[in-house]
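The structure under discussion appears below in the form of structure tokens.
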Amino acid sequence: MTTPTAAAPPSLSADALCFTLNGELERPQSWAPTTTLLSYLRATGRTGSKEGCAEGDCGACAVAIADNSAEGPIFRATNSCILLLGSLHGRAVLTVEGLTQAGEAAHPAQAAMVAALGSQCGYCTPGFVMSLVEATYRPTLAAPGWRREDQLAGNLCRCTGYRPIREALDAVAGSRPADRFAAALCSPAPAAALHVVRDGERFDQPATLDEALALRAADPAARVVAGATDLGLEVTLKGRRWPALLSLEAIAALRGAWVEGQTLVVGATTRLADLEDATEHSIPALHRMLRYFGARAIKSRGTIGGNLCTASPIGDLAPVMLALGAELVAARVSGTRSIPADDFWTGYRSTALTPDELLTHIRVPLPGPRAHQAAFKLSRRRELDISTVAAAFHLELDASGRVERARLAYGGMGPRPLRARGAEDALVGATFDESSVRAAAAALEAELRPLSDHRGSASYRMRVAKNLLLGFLLERQKDGLRAGAAALDLRHTGTLALDAAPGARP
Amino acid sequence: MNAPRTPAADPLHQPAPHESAHLHVRGSALYVDDLPDPPGCLIARAVTSPLAHGRLRALDLRAARATPGVIRVLTAADIPGHNAIGPVVQDEPVLAADLLSFVGQPFALILATSLEAADAAAALVVAEIDPLPAILSIAEALDAGSFLTAPHTICRGAPGAAIDEAPLRVEGSLATGGQDHFYLETQAALVLLEESGSFRVLSSTQHPSEVQREVAGVLGLPSAMVSCEVPRLGGGFGGKESQASGTACLAALGAWATGRPVRMRLRRGEDMRQTGKRHPFWARYRAGFSAEGDLLGLEVELWSDGGATLDLSGAVMDRALFHIDNACFVPALRFVGQVCRTNLPSNTAFRGFGGPQGVAVMQAVLDHAAEVHGFEPLALLRRNLYGGPGRDRAPYGQQVQNNHLHTIIDKLAADADYAGRCAAAAAFNAQSPHRKRGVALHPVKFGISFTKSFLNQAGALVLLYTDGSAQLNHGGTEMGQGLHTKLAAVLAHELGLDPAAVRVMRTSTEKVPNTSPTAASSGTDLNGAAVQDACQTLRARLTPLAATLLGCPVERVRYGGGGVYDAETGARVTHKTLFSKAWMERISLAATGYYATPGIAYDADQGQGTPFYYYAYGAAIAEVELCGLTGEHRLRRVDILHDAGNPLVPTIDVGQVEGAFAQGLGWLTTEELRWDGAGRLLTAGPSTYKIPTAGDLPLALHVALLEGAENPGVVGGSKAVGEPPFMHALAVVSALRRAVAAFGNPGAQVQLRLPATGEALLDAVDAARGGPLL
Ligand SMILES: Cc1cc2nc3c(=O)[nH]c(=O)nc-3n(C[C@H](O)[C@H](O)[C@H](O)COP(=O)(O)OP(=O)(O)OC[C@H]3O[C@@H](n4cnc5c(N)ncnc54)[C@H](O)[C@@H]3O)c2cc1C
Ligand code: FES
Ligand code: FES
């Protein structure tokens, strides 16, 4: 009987990939830098994890990785289909096969799924079970609330209608049984340095920023990878391979968020789930956008730096950075520089970074005493979807309710994330009320030219972009026009926090 | 074997988990692509048409063939048998030889040692194609006169005159969208070569007999040389009824050509691009009502988008026509339906099989009438329900018997406080300018049976072993719907076995031949009756022996409680004793069972007959809140009361109701298939095609099964439950229409297109309030 362990494998070297799989050492022989964990698992006969999409969007492939978090050490459920095998070097992974050994009773997460009739065809079930395993050992899930709702958002089921799966979640969430898994969680090992060349393809995963910058300078053509929730799709959907990958996974110094004066400093490889925790009280507007972002399984791997550097015109955090007036810190061997968010996105999927630079930190000003902020995300589906329109607003009002400063930013309204300067001008100097909002909306119409695509028509995008300004006003009025940002529950009717937060489940 | 359960309890009508649940949660339930690679196994992938319509002029495969790891590249010319498959008419090439008729149609097959090699080779295939004009929608097909079927007409009385003379009229149209099945497990097959040139096909199919027949046809072999086995399906929903055959035939062709085992699994994008979906429909209606709201006459024309080939489109259209009436008696009517041919993947079966598209028309008619003529919607519905003298004949002449509609609607409306919640929504709306609520009830009446009457048959094979255990084989496939769980319960009940002693075997054409697809909600009704039949045969053989062992007359022998006993004295023998004694006495312990549904027949030329064995009923109440700034909505609460007869395993049936509702909800709200102007699917993956997530379902989802609804003539008094609850989701559409209406003035028709996405809803709200807000 193998006891799972989250500690680093004993004999870790930087020249051969090695990680712990269900408590046993795994030393993959046949793999490439672009091999995903799911394809490795299935090719080696561990077929419990399923492929439903190979693009991070269904959760059938979920596995759990032991990791530290704000709530202590946890098993993070995440999508193995877009997880690069090399990034696991030194870490401990749990798959569905590892939950019960011969002769052992089912894990509580498994037993709860059986008891609640949480499986029909069963194909999604291993993935849900892994999300439930994460839930079982998360202290913050002991009480119901948005974190519980969020726990299932990354798993699709086409058979059940989810009610029984939610029941199974409720049965185990935050229960933290004192079992061998809990025991194994004591000190989760981080990713370790790895430098290998496989079939002519290089995979470098340095442990320090200096090494990373040196590698960047030596080979600016090497592709940078952080959480791979974006890059992984190029592998699985387009079959891309690269001569060299530079993974930021093992650089501890780039991870974490802390306050310096009136600024929240965020390391570029901070996981979105951790950022969500870090901003809940300090920057509610950013937190609110993160709630709507993908799903927890994606947020447990994806990083803020990856989201900003991938420079998608429909990325969710760029508009927030623009509205909040963030600065992006870039480093190269010869030094660092600070780039205002306004100058970072230079065009369709392009940034101001030079090929030898890495994004290292993001500096986000904390909301001041006169700041009104909000972030909105409109998508076809509430959970796990890409924005049709994303918006982030920042206003500073004087004592009389007049707008002193305005930053209105949108995603999905052009070829890159952008500020609506005309609408801002229409607001500045005016009282924040319906008539100034109408003037700003008219300015929006004049300055933005959104596209029509399968997510929405140009007309829908434009109407929503304008209506969100009104929604922002209504939200602020609901709070008596006091400075701040409204909190939002995932169970609200839409992206606007206009209704009372719904209560507990009937 | 089943999960351990307390022995002795009769499992019928008792709650139970899915029989494979303990395997599902351990990841040890095996699906086709989980089966280990046999030695020498190759991977197959298709090369598919980039154009919606074109003629393949030349194909250069040299570079593809020279790719390292590639073993063979096959084209239509390599097919030894018929290059034509199809469930009704064989009009679909396995590999297109000349004419390409949709984007994603396979025209070459690569066999390689790895998927990467196959992908590399596919990129090197050079195809010269002369483009032809493509038809990409129902509207374009109507303009071009492009059809797959002749019109099917159902007629009663003189609807034209009835409508013309009616005091109130409505006239309009309704488009319902397609829907991808999005079974979590994509199409998959693994083909093994066996002795003397025979083939074993492991397929994720709802219709193993069709896979067997099609593979035999394509390879030019007798059916006896091909076996098809189904371990289990990771979801089917109709998408693997006829369309699992394509993947199976390609894999089999590859195995035949290379002499090696071949595996083929479509990746999500391939599955979504290459396979058919729920049929989009377009309907035009004209209806007349009395001043009090009685429906006097209804004319409906239906067109569906069948895609490039016929597939099951004819039968889907039939079922749509059979369900336009839904719960309402229509005195005078004319329903006409015709299937369009377009240059899109051939649309196919999907839970409800046209029924939802038909039912949606009656809903549109009633909602429309209520909106413009000011009827209270539930009152209008109640006036028009089946029931009462002379009001019990469906449009095609069948009598609507055992009508539970009134009972269900009354109970549901009372239990869920329909009236009180409508009033509360109105009060909320009066004080809320930007958020509006809507509450609506929607009924369902759904006909059970394959509308092609000959399909209503099934077989079973029960094998008893001398230690008291049993193997159950039947013609149905397990795809999550709990069929195996139910049939194991039926077998255990019939022979008094502990369910833990019953093992349900993989579905195989070697055990039960010439089966019908597991479809039309019929799996339990048909196969369950066949299992009963086999058990009767076995009991007839075993009871005299049991009587001897028990020392009682045969009339007193009972099967139950994990044994066989004397009803009077309670004396019992174990199954082990009985079965081993029977073996010693040379009594056969294997029996087949067979069932054919009695009394159904339909004459399509006359549009008259009794296509259904019975009807299933239900109703749902939905409450929504709609944001007038963004078009987003939230389902606040849903209550469903559904008639599953006397449910064989009630927990399974509740799961079917909830799951069907969720799937219907997706069809009607978030799931939208978008194609570009060249017939290429833009939404070919879950990042762009959005099925509901957990957060889309209401926290308050109350599902109840109608009590005391024994269904005579069906195994255990139960009712089919797979498809009917899909239509409960239509309640959401009516509720949304009511919320939209609250943004405008009374008396206006709500302009809501389906699916009711955020954009469709904001458009509808803007139309209701006479323009955009800002
Ligand atoms: C299912 C799913 C849902 C998603 N939902 C959302 C969503 O709701 N909203 C949204 O905005 N996005 C979404 N995404 C996109 C993606 O997850 C995010 O953009 C994520 O933040 C990317 O982070 P990553 O660390 O995984 O990036 P990676 O994939 O590792 O990298 C992305 C790109 O950034 C570059 N890069 C990464 N870090 C650095 C750095 N420090 N310096 C320089 N270059 C760098 C890489 O070279 C690469 O080109 C989703 C993706 C998936 C698969
Ligand atoms: S396979 Fe769908 S998320 Fe990984
Ligand atoms: S049980 Fe079938 S997809 Fe969830």
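Below, each value reflects all heavy atoms present in this structure, side chains not excepted, and no hydrogens, waters or symmetry copies. Every chain is numbered from 1, with letters handed out A, B, ... down the list of sequences.
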With a 4.5 angstrom heavy-atom cut-off, could you sort out which part of [X] is near chain B: side chain, backbone, both or neither?
X	result
A:T160	backbone
A:L156	both
A:V114	both
A:E434	neither

Residue [X] versus chain A: region with a heavy atom under 4.5 Å:
X	result
B:V657	neither
B:H434	side chain
B:R636	neither
B:T630	both
B:F182	both
B:D766	side chain
B:D34	both
B:D33	both
B:L762	both
B:T670	both

Legend entry - Options B:T186, B:L701, B:L184, B:L682, ranked by heavy-atom pairs under 4.5 Å with chain A, top entry: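 Going by pairs under 4.5 Å, I would pick B:L184.
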Inset, instruction - Could you tell me which of B:T688, B:L30, B:T757 has the largest number of non-hydrogen atom pairs under 4.5 Å with chain A? - result: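 Top count of heavy-atom pairs under 4.5 Å with chain A: B:T688.
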Legend entry - Salt bridge present between A:R166 and B:E658 (N-O < 4.0 angstrom):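 Not counted as a salt bridge, because no side-chain N and carboxylate O are separated by less than 4.0 Å.
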Legend entry - Electrostatic pair A:D453-B:R674, nearest N-O below 4.0 angstrom: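 Here A:D453 does not pair with B:R674 in a salt bridge, since their nearest N and O are not under 4.0 Å apart.
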Checking the side chain of [X] only, and the main-chain atoms of [Y] only, is there a donor and an acceptor separated by less than 3.5 Å?
X	Y	answer
A:K466	B:L774	yes
A:E383	B:T693	no
A:R163	B:L697	no
B:E185	A:Y123	no
A:R381	B:I691	yes
B:R268	A:A54	no
B:K690	A:L384	yes
A:Y162	B:P692	yes

Legend entry - Close side-chain approach of A:E149 and B:L699, heavy atoms under 4.5 Å: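 Heavy-atom side-chain distance check passes, below 4.5 Å.
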Inset, instruction - Kindly indicate whether the side chain of B:E632, heavy atoms from C-beta on, has any atom under 4.5 Å from the side chain of A:L496. - result: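 Result no, sub-4.5 Å side-chain heavy-atom pair not found.
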Gap separating the [atom1] atom of [X] from the [atom2] atom of [Y], nearest 0.5 angstrom:
X	Y	atom1	atom2	result
B:C627	A:L378	SG	CG	8.5 Å
A:S452	B:E759	OG	CD	8.0 Å
B:H18	A:Q120	NE2	CD	7.5 Å

Inset, instruction - Run through A:R455, A:R380, A:H454 and flag the one making a side-chain contact (heavy atoms from CB on, under 4.5 Å) with B:E672. - result: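 It is A:R380, the one option of A:R455, A:R380, A:H454 that forms the side-chain contact (heavy atoms from CB on, under 4.5 Å) with B:E672.
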Legend entry - Polar contact flag, side-chain donor to acceptor under 3.5 angstrom, A:S119-B:H24: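 A pair is found: one side chain offers a donor N or O, the other an acceptor, under 3.5 Å apart.
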Inset, instruction - List the atom of B:L629, the atom of A:G471, and the distance in Å for their closest heavy-atom pair. - result: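 Looks like CD1-CA, 3.8 Å.
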